[in-house]
Each structure stands twice: as C-alpha cells, then as structure tokens.
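Single-structure report; data block below.
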Amino acid sequence: MACSIVQFCSFQDLQSARDFLFPQLREETPGALRKDPSKTSNWEDDSWGAWEETEPQEPEEEGNTSKTQKNSWLQECVLSLSPTSDLMVIAREQKAAFLVQKWKHGDKGKEEMQFAVGWSGSVSAEEGEYVTSALCIPLASQKRSSTGRPDWTCIVVGFTSGYVRFYTESGVLLLAQLLNEDKVLQLKCRTYEIPRHPGVTEQNEELSILYPAAIVTIDGFSLFQSLRACRNQVAKAAASGNENIQPPPLAYKKWGLQDIDTIIDHASIGIMTLSPFDQMKTASNIGGFNAAIKNSPPAMSQYITVGSSPFTGFFYALEGSTQPLLSHVALAVASKLTSALFSAASGWLGWKSKHEEDTVQKQKPKMEPATPLAVRFGLPDSRRHGESICLSPCNTLAAVTDDFGRVILLDVARGIAIRMWKGYRDAQVGWIQIVEDLHERVPEKGDFSPFGNTQGPSRVAQFLVIYAPRRGILEVWNTQQGPRVGAFNVGKHCRLLYPGYKIMGLNNVTSQNWQPQTYQICLVDPVSASVKAVNVPFHLALSDKKSERAKDLHLVKKLSALLRAKSPRPDSFETEIKELILDIKYPATKKQALESILASDRLSFSCLRNVTQTLMDTLKNQELESVDEGLLQFCASKLKLLHLYESVSQLNTLDFHSDTPFSDNDLAVLLRLDDKELLKLRALLEKYKQENTKATVRFSEDADRVLPVKTFLEYLEYEKDALSIRKIGEEEYVALGSFFFWKCLHGESSTEEMCHSLESAGLSPQQLLSLLLSVWLSKEKDILDKPQSVCCLHTMLSLLSKMKVAIDETWDSQSVSPWWQQMRMACIQSENSGAALLSAHVGHSVAAQMSSGATDKKFSQMVLDADAEALTDSWEALSLDTEYWKLLLRQLEDCLILQTLLHSKLSPPAAKAASLQTEPLPRLSVKKLLEGGKGGIADSVAKWIFKQDLSPELLKCANKERDVENPDEPREDLLHLAYEQFPCSLELDVLHAHCCWEYVVQWNKDPEEARFLVRSIEHLKHILNPHVQNGIALMMWNTFLVKRFSAATYLMDKVGKSPKDRLCRRDVGMSDTALTSFLGSCLELLQTSLEADISRDEVQVPVLDTEDAWLSVEGPISIVELALEQKPIHYPLVEHHSVLCSILYASMRFSLKSVKPLALFDSKGKNAFFKDLTSIQLLPSGEMDPNFISVRQQFLLKVVSAAVQAQHSKDKDPSAEAANTHWKDLNWPVLAVDLAHHLQVSDDVIRRHYVGELYSHGADLLGEEAIFQVQDKEVLASQLLVLTGQRLAHALFHTQTKEGMELLARLPPTLCTWLKAMNPQDLQNTGVPIAATAKLVHKVMELLPEKHGQYSLALHLIDAVEAMATL
C-alpha cells in the first residue's frame, strides 16, 4: 500500500468554460470539419457557407505554441474548489464560471461524478475591476436531520477595486463589501476543528482578507448569520419583491501592517497562548529588563506574511486591545423578479442601475481606520521574495515558496525555518493529514506503550505535497525530516488545490454528530479534464526501522515478483510462497497477499489449495486472542470455494453417458403434449432454426466448459456462512452456469450428484435455477441441435424443485408460486425465443407433475375426511397456476413466429439497399413486446418490411388465401402465418400505418433517399380507413415535412428560379434532385388528405382490438391511436397548400426560371401558408387583382410549354428521361387547368395554349384531340392559322428550291406578304410533313366562321398547300 493518485471527478465540458474565459483560444475550425458526423442530418443547423472558404493552416511552430497556450490556460485563472467537492469556480478578469457537481453515465456505463457549468457570466460591477481571489465556502445546515452535506455553498470573490462580493451557486449577488480601497490580494478561510488535545486552544471561524498594507478578519459566526439572512431575503424578494429584511451587521477587525515593504500572501494562525517562559522572554525583548509581567499569559492572534523586507513577517495582535468594528450592511438582491437595495452606512454596496452610477461613485463609503500592527520579527532575505504560504492542518507548520525555486518549512510557534527544498520553481504546495486506523495495529509481546494496543489514541501524520509544474511532477514528503514517500508524473499544466478549511457554521456540539465527506488536497488537470485526489497511507510516516508494515510491504513486493517470474521452479515454488505469506505479520497485508496468490493464473489448483490450507492451519494453531477473525473467515471461505471447484471439476471429468433411448413419443409424454401439438412445436422450431442464421462466436472455453479457478473465485463469495454469486456481467454469469450444468444438460455428467454437491456447498435453489436458465437460454443453437437435452433439463428442474427451500410447503395454494414465477420471468425476458419456448414447456410439465402429486396426496386425505369442498379449492389453485403457464406458452409461441419472420430474408436480392436498410433488427422478447405498447408488434414487422423493401401490394397479397397455381414464397408463408397469429395487431390498415411511419422516419435520417418518402406515401394511400389515413398524413406533415417545405418555398422565392444543388443542401438539407421528388411526394400527401377528408363522414372510426394473449401490454401509445386523436383538417387550407406545392413542384421539375412562387399570392394567401392544417385561416376570396392574374397566367403557360417539350423530348430520346425514374410524372396539362380554376385564370387560355404547343412540336394527332376541350374555337383558329403560316414560310423560304420559288411567284401578293411576316423560328418542330399541314389548314377552315377577317387568307392557304403537295 503506497501513495496513489486517483481520479474522483471529471469535467463534462471544460472546453466551453475555457472558451468563455478565453475567447481568443476558441478553435477556428471550418464548419464542415467541426461538425459531429452523427448530426449531419440536422439540416437546419448546417453551415454550408463554410464549404466555400477554409482557413489556411498555420505554421507548425505557431501550432505548437497555440497548443501550449490552450493547455496552460488554467494557470492564468483564479481557481477554487469547495472542500465538499460540490462546486468549483474558475474566474479570469471580469468573468467567472461556476461548475456544479452532477452524476452521469460514463463511457463504461458506470455512473461517475462530473463538473458541469451551472452558471457563467460577468461578476464585475465597476469599470476596470478584475477578479483577484475566490473562495467556495460550504455552509452547514441547521436541520437536525442533516447527514453531513452542506446546506448550500457561498462563493466569495475579491476584486482589484477592493470589493469583496458574496454569491450563491446560481450567480445571484448576496452582499458586496468595501473595507479598503486597495485591491484584494488574497482570501483565506478558517473553519471550526475539534481540538485534538485538552491543552490546545479552540480556534474560532473567520474569513481573512489581505490587502497590500492591511488584513481584515471577519468573524465566522457573524458572516454565517448574515449570509443565511441574505439568502432568505433573495428567496423572498424573488417571490414577492416587496419585503425588506435587514441582516445582522458583520463583526470584523482591520489591522494596518507596518514595517514591511511588500506583502504577497498571508496566513492567519489564530489565537495562541504563550507558555510562562515564552511570556517572560517576549516581555524582556519588548520592555527590557524591568518589564512588568502579568500573572496570566495574554491571548494573541498570530499572522504571518510573505513578501519582501522581511521575507516572512510575524505579527501578533493582543485580544481585547481593540474593539471589533460593526459594519452596517447594504444588501443587494439580484433575481429575475426584483432587486432591493438597503441603505449603505459603512460600505456594503450592491449592483447599481445606470442612472445611479455617477452619484454612487461620487459618494464612496467612509473607510474605517485600520489599527496599526507592527511586525514583531521576521526572517530577512533581501535577495528573495516570498510568493505564497500554506499553513498545515494542525497550525504548527507552514510551507513558504519564493521566486528562487525554494520551498521552506517554517515552525510557526518558534518562527524559524526547519527545512528547505530547492529546485521547485513556481511550486504549488499543500498538506495532507492522515489519522491512523486503530484496527491495523499489531500488538507485540512486551510492548506496553499506549500505541501498542487498539484501545489507545489515534496517531496523526502530516505530509507535504509539492507540485512542480515546470517538471510536471507531484511529490509527497514526510515532515519534518522524513524522506520523500511518493512521486507522480502528472503533466505541466495542472493546478494543485488545497483549501485548508472545511464547512462553516459548526461548533463543538454540532460537529460531533457530523461526518462531512471533504477532501484535503486535489489536482486539476485541464488536459485530461479530470480532478484527482492524493491518497497517502499512514504507515509511510513511520520510520523503516520500526515499521513492521514496511517489512510486510517488502514481502508483498517480493511475492508479486515471484508470481510474475517467467520460469518458476516447480519444486520450490510452492514452498517459497508459503514462507513469504507466513512471514507477513499484519493481518490486512496477509489478506492482501493471499488475494494476490488466488488471483494469479499461473499457479495450479493444488498449489492454491495447499497454500490456503497451510495458512488456515497456522491461524488455527495460534492463540485465539492474537488471531484476526476477519482473516480466519476469509481463509475458510476460500477453502470452501476451492473444495467446491474440485468436486465440480471431478464430476465433469467423469465418463458418464446415459444409455436410455429417446424418442418422439417420450418427448410428447415428457412435455404432456399430444401428437398434433408436438408436430406444431417441431414445425415452428424448425422454421425458426432455418431463419435464425445469426452466427455465434465459439471460444475455446465453449468446447469443454472449463472455468479457470481464478475466475471461479472471482464469481463466488461467502457472506455469513452463505454462498452467493457476486454482481457479474451476463457473459460471466453464463460461464459460471456452463461450468456447473453444461455437461449435465448434454447427459455427460450425473445430474443428481451435481445438484447434491451444489446444494451442500450452500448455493440456494433460486440461484441454481437462475444459473441453469441462463445457460439454457443463452446456448440456444446448441440446444436446438440436440433435442435430448430437453429430457436433461426436465430432470435437472425436477431435482431443483424438490430441494427444501425451493417451493415453500406453507405457500398459499391460491397464489402464484415465486419459484415458478422466477422461471416464467426468465423466459419472458429472454431474447432467444426457441430456447425460451422449450424451457417453458418443460417448466409447465414439471409444475403440473408436482401439482398432481401434491393433489393426489391431498386427495387421499380428503377421501378419508370426506371433505368435498377442500377438493374443489385445490383444483381452483391448480387451475390458477396453469393459466399463467398457458398464457406464457401462447406469448412465447407468438414471439417465436414473429422472431422467425424478422430473421427471414428475401430469396431474390432486392434493389441496391441503402445503408439504413442494412442495419440489423433488434431481437424480440415477450417483455419487449409487453412494454412496446399496442403498436409494438406492428412496429417490429414494419421495420422488417422496411429492411426487405416490400411493396404494399405484396402485403395485401400475403393476407389473402394461398393460390394453388402460384405457390407462395417462404417469406409470404411466414407473413401469412404472422397475419393469422396476430389478426388484430397486424390488421392491414394498422400495418400500412406503421410502415408509412417507419419509411418517413428513415427518410428523415437520410433525405437523399427519396424513394423512402415515395414508398411511405404509397403505404399511406393503401390505408382504407379515412380517419387513420387523415391522422397519419397530418402527423407526417407536422413532424417531418412542413419545415423542409417552408424552407424550400422561401429559397425558391428568394432566388426566383429552381435553386442549384449547393443552395438546396444548405437551406433544405437535400440535393436538388431529392428536393424535386420531395415536392412531388408532398403534393401526393396533400391530395391524399383531401380525398380522406371527403370520405371521413361516410366511414366510422375503427375500433382497435388486441389479441387475448397480449391484453396486458403497456407502453407508449401506438401510431394508429395517435392518428385517431388528430383533428380533422381544414379542407380549404390544405387545398391552398396543395396549389403552392404544385407550383413548387412544376418549377423544380421543369427548371423554370423567373418564377417567384409567393409572388403569385396576395397577403392573405401568404399569411395562411405553413399554419396548422387543422386551423381556420383567412384565405383569399372574391375577385383577384388583374396583375396577380396576369402573373399566374404567364406561369401556367410556362408549365404547359415545359410539359409538352419534356414529353416531346422523351418521345424522341427515351434515354434522356432514364435518370428521372425516381419520381412519377403527372399529367401536367390537366394539372395546369386544375390550377387555373384555383388561381382564377381562364382555363380556356391554358387549353388553347396547350393545343398550340402540341402543333408547334408536330404532335398534330394529340392536338386534334385537345381541340375538343377548347371553348373559344374562333380564337384558337386564329392562333393555329399563324402556326400554319410559320410552317409554310419555313417550307418556302428556308428550303429555297426552284419549284418552291415558282410556286411563290404564283401566290397572291397578300398571301406572300403575310408569309414573309411569319417567323418560322417559333416552331419547335419544323420537320412536319406537308400533308399534316394541309390537314391543319382544313381544320382551321372548319373552326373559322365565313365572316371572319382571316377566312379569305385561309382559302388562299388551302390553295398554296395543295399546290405544294403536288411538288
């Protein structure tokens, strides 16, 4: 047992505190590199602008300097930690951060204490003042029920302005005091300690404040009462704001230090009383030979300062020479609700409002004069300057550091230096006081000293801790002349914290019942973000010559070296170990040595047993008084465990094989099943075994199930003569159970002998049952491969159930047996459904067998007594327990079928699976299904459907009866079986709803997978009940879609066109291609909601049922239940959003330019967007402004033109559309006409434009069909006449043939002039045959009335076309 440094706390986020105090040290890392990869889906917070510009890397030397600054920042801060470790203050200049204690789960799953920032802000109240010192003082609770923890912690902060301010843990200012106009150099505190000896003077609590030329001491009792009153005032002011309570004034003393040049630090020693000799010596030195001497020595307060001229100064203030000053308190209450300021008479000031600053600064409080106090003597050292002083816990020694790298140990009473260390520049020092543990003493013969027995007083040892940051070493020294007892390499950027006080507010009465958990010294490491404590054992203070402990430690080290030897000598190895352990004297050290021997994996079992037996025999041969009872019990318990290990190992090594044949009939009889039930069970297990393809890792231990003796001893322990299993992990638990029962379950070891050995060793039947089930349930694959193990389990379970304390004979027959309930709970919690189902059948069979045996016994007695009523009661009790088994068997069978389905895979490989679809599904258990709520079963199947990417039509087909012509695939068989097993939980609407939600959740994780959202909408459309459909659609919109939809709207309205990929990723969180598909899916969802709202009144709300076996499910509410709770949508508002979505979709689909979607709507329409779809909003009504209608019409015409062009290009080049197969295209002309109705645009204009675009692209046949839908045929004819002229102009003027020129010369001049005015470039397709143009001219003639102005022109065109047709 040597010195150790142990981490007892860590920082949750120390970097945030550093960045707050040192803004210049914040890491300027590009956003793309700084982001957490796990948060890439948080598209709202991404900073895509950081992709464009990155900061150039700094040179390597500057990077190293920056790294050093980032690690050494704590050296520049004012740091204080509460002695109770519940609060830490880190301050610099005008800022401070308060870190509070929290318990959190660490990386290894264990809870650990962490410091987290509880409050941070500025603590400066005056301009230009900085923090110079801080203290965290815990205040004792006044409640009688307190357990030793402080009531609260006060933070005291000193400033360069001279102010001392007091805060709560949440940063609320309580008091502010100005006692001197110089800056505060140091704050130190002293709390009450019970005197160790009757002659030691009892010290009062105080807070001492050091100024450059003065020391102010505040009485601890007065400060404690004032702080409590101020804290109560804060609470009352926060609640009401109108109560003013005047706290009691503070009692303080102010000493003006004289005859000293510079003061850096100080130590308040407290009240001391001189001995008569020292009194006469002091009087002679001060008053000379004739000085008068009082009969009683005066009480004096001693202060020691460090600085220069003198290096250390000793001051003595006579008690009673000056009256304590009473400060008139001004209370400042800082809260969110109110701020009350009391009148200041002597300097207590608080926060000031802006309009009061000037007046307050002009009226500075009057300073009380300091009482002069001259230095009595000092240690002169003109070349050196003291930097710090640290007082020891017993107030007898003090450690002083200086600027020459020395650490000097002072005797406080004599005022002399007694020891010096050199070479410790910038050293930080502290003390550790250790009290001897009386139980570790070893009495020796002939030792009559008071320390030779366990009844004497405890000895106390003091150790000096020195941290040298330049060397990065922490040393522990034995004072006053002892050696160095410990050294640790801890880094060069740490801070050593030694408060030197404990909890304020205790006295000689209250402190006796308190046992506060306080630390003495700790080390804060900013690099590892941890706080470490230094542990020093008491025996290191003893000299090596007289320390038996040191000899024992030497023997322990020798034993450790022997155990680590590479090639131990087998002949003398055991003998050497015995000699070493017998030579050790201390019982605790002897126990430690035996533990190290038993923990060695290099010693044989026989060696461990012999060593332990030898030590046991030696202890028994000693006198009873000198034998340590704890060590004796420890040896006895280890010997029992070794004997148990030996007996189990022997049973496992015996050649034991059962020759009893095992048939299916035997299994049916054993499990109490008929042939049909057995065949069903076999079929279920066979399917489960085929689909459960999860690979199992086999270790070397799995082959023979041999457990090392070292591991065996770690797993088991004896407590009060009872053998128990330690708290070990699941794998260790299974390993121990396999060591006991695996051979028995395989029929290779005697089950009866094994149970007898374990029972006689002291293991309870409940522990054995738990071990047995853990092995059975974890080794599922091996068990399913060997059915005869069921018979072995039946035998083992029967033997365990017949043990004495397994099933209590006095148990109420009408209640559930805890024994069988334990087994049922293990099956319920198991994720291996096959093994759990088999064990439940075995448990049911054994329970029925034992119940029938007990019933037969009772029946014979009842027949004798002729008590028919008692017979009826017994059958009711049997029926009650049987019902629990039947319910469990039904649940396990359901879980097995569901687990088999979830492990099944598609025969043909699906399309390229996304990364989210390759994640393994969690294994199921009955407990998980019971805790998963009513939707837990459907949710599990939906996850499997998502992983397999099954289409909604396939789910519908699997629910139907089998088709003889087309046999189902295996997955459909399993899915159909699941439908039959869960007719309510897997009802089609419920399953589609969960699939819809699962797909949209997975899409939200990776929005680039647009097909997930498309498939989600497909499942939504397959939901038949409109109530469920409406609720799911509304939840999808509110949860996942509306934010991205609004972001896309504002982005497109900002850029005025379809945005580029980079902008889409930055603002919406997905690519431009994914955004197009997203808008199409939003449009389908809104249209589905409109259709569902229409049919809501025609269909009743569905009733959600649950299977009988799962009526006791608990957990979160299901998706379907949430959907049914949704309000109905407001139809016009959804329609309004559908129009906007159509506009956005068209703009992205056809990459339209010069389109601002929101510009198509007025203010009412814009305000209604992105509101709750169930709310009633003010929508546009009446006639629209013609300017809006004109803009809308231009947009719709663009959409029609782009749609016809896209269709025409797809007909010409089908490969051009291959890249856009991820979205389903719409009938855009029909959608444009529908939009025209909502946007108050003439639909006939859209239809005419559509006909013109078709003819312009040469699709004359489609154009002829579309003409029938046009209302104003005359206007259409005029438009088509122009198009005809463009075609003829291209044929005549652009071909330039001889025949064409001759024909042109024969045409009428009017027609020639008109044709020359035509622009054939407006045509999208100029390669139309002349026959089609002739047909178009005749169609125009049909549409034009004879009185029309262009009718004659059309007649000339007919002649021209006919003439061209003959060329």
Those residues at least two apart in sequence (or on a different chain) that pass salt bridge (Lys or Arg N to Asp or Glu O under 4.0 Å) with Glu93 are none
| query | Parallel, tilted or perpendicular for Trp255 and Tyr303, by the 30°/60° rule? | reply | tilted
**Study point:** Trp119 and Phe98 aromatic ring geometry - parallel, tilted or perpendicular at 30°/60° bounds
**Key:** tilted
When you measure from the centre of the six-membered ring of Tyr163, is the NZ or CZ of Arg165 closer than 6.0 Å and no more than 45° off the axis?
yes
If only atom types and distance count, is the side chain of Asp403 paired as donor or acceptor with the main-chain N or O of His385 below 3.5 Å?
yes
One should read off an interatomic distance between Ile432 CD1 and Asn535 CG, to the nearest 0.5 angstrom, of 7.5 Å
* Asked: Mind checking whether Phe221 and Asn204 have side chains closer than 4.5 Å, heavy atoms only?
  -> no
Within the side chain of Gln186, is there an N or O that forms a donor-acceptor pair under 3.5 Å with the backbone of His266?
no
TODO: Validate the cation-pi geometry between Arg459 and Phe538: distance from NZ or CZ to the six-membered ring centre under 6.0 Å, angle to the ring axis within 45°.
DONE: no
dist Leu523:CG -> Leu474:CG (nearest 0.5 Å) comes out at 6.0 Å
(message) For the backbone of Trp73 and the side chain of Arg18, can you confirm whether one donor and one acceptor N or O come within less than 3.5 Å of each other?
(response) no
- [ ] For the pair Glu126 (side chain) and Ser161 (backbone), establish whether a donor and an acceptor sit closer than 3.5 Å, ignoring hydrogens and angles.
- [x] no
The side chain to side chain contact (heavy atoms under 4.5 Å, CB included) partner of Val164 among Leu179, Asn180, Val216, Val156 is Val156
- Item | Polar contact flag, side-chain donor to acceptor under 3.5 angstrom, Glu181-Tyr211 | no
If we ignore angles and hydrogens, is there a donor and acceptor under 3.5 Å between the side chains of Ser170 and Thr168? yes
Are Leu223 and Phe166 packed together at the side-chain level, in the sense that at least one heavy-atom pair is separated by less than 4.5 angstrom? yes
- For Tyr424 and Glu475, does a side-chain donor sit closer than 3.5 Å to a side-chain acceptor? yes
So OG of Ser72 and NZ of Lys492: to nearest 0.5 Å the spacing works out to 12.0 Å
Assess, by modelled atom type and distance only, whether the side chains of Thr160 and Thr132 contain a donor and an acceptor separated by less than 3.5 Å.
no
Within the side chain of Thr401, is there an N or O that forms a donor-acceptor pair under 3.5 Å with the backbone of Glu387? no
- So, do Lys188 and Ser268 sit near enough that their side-chain heavy atoms are less than 4.5 Å apart? no
dist Leu74:CG -> Leu79:CG (nearest 0.5 Å) comes out at 5.0 Å
One should read off an interatomic distance between Ser133 OG and Leu185 CG, to the nearest 0.5 angstrom, of 9.0 Å
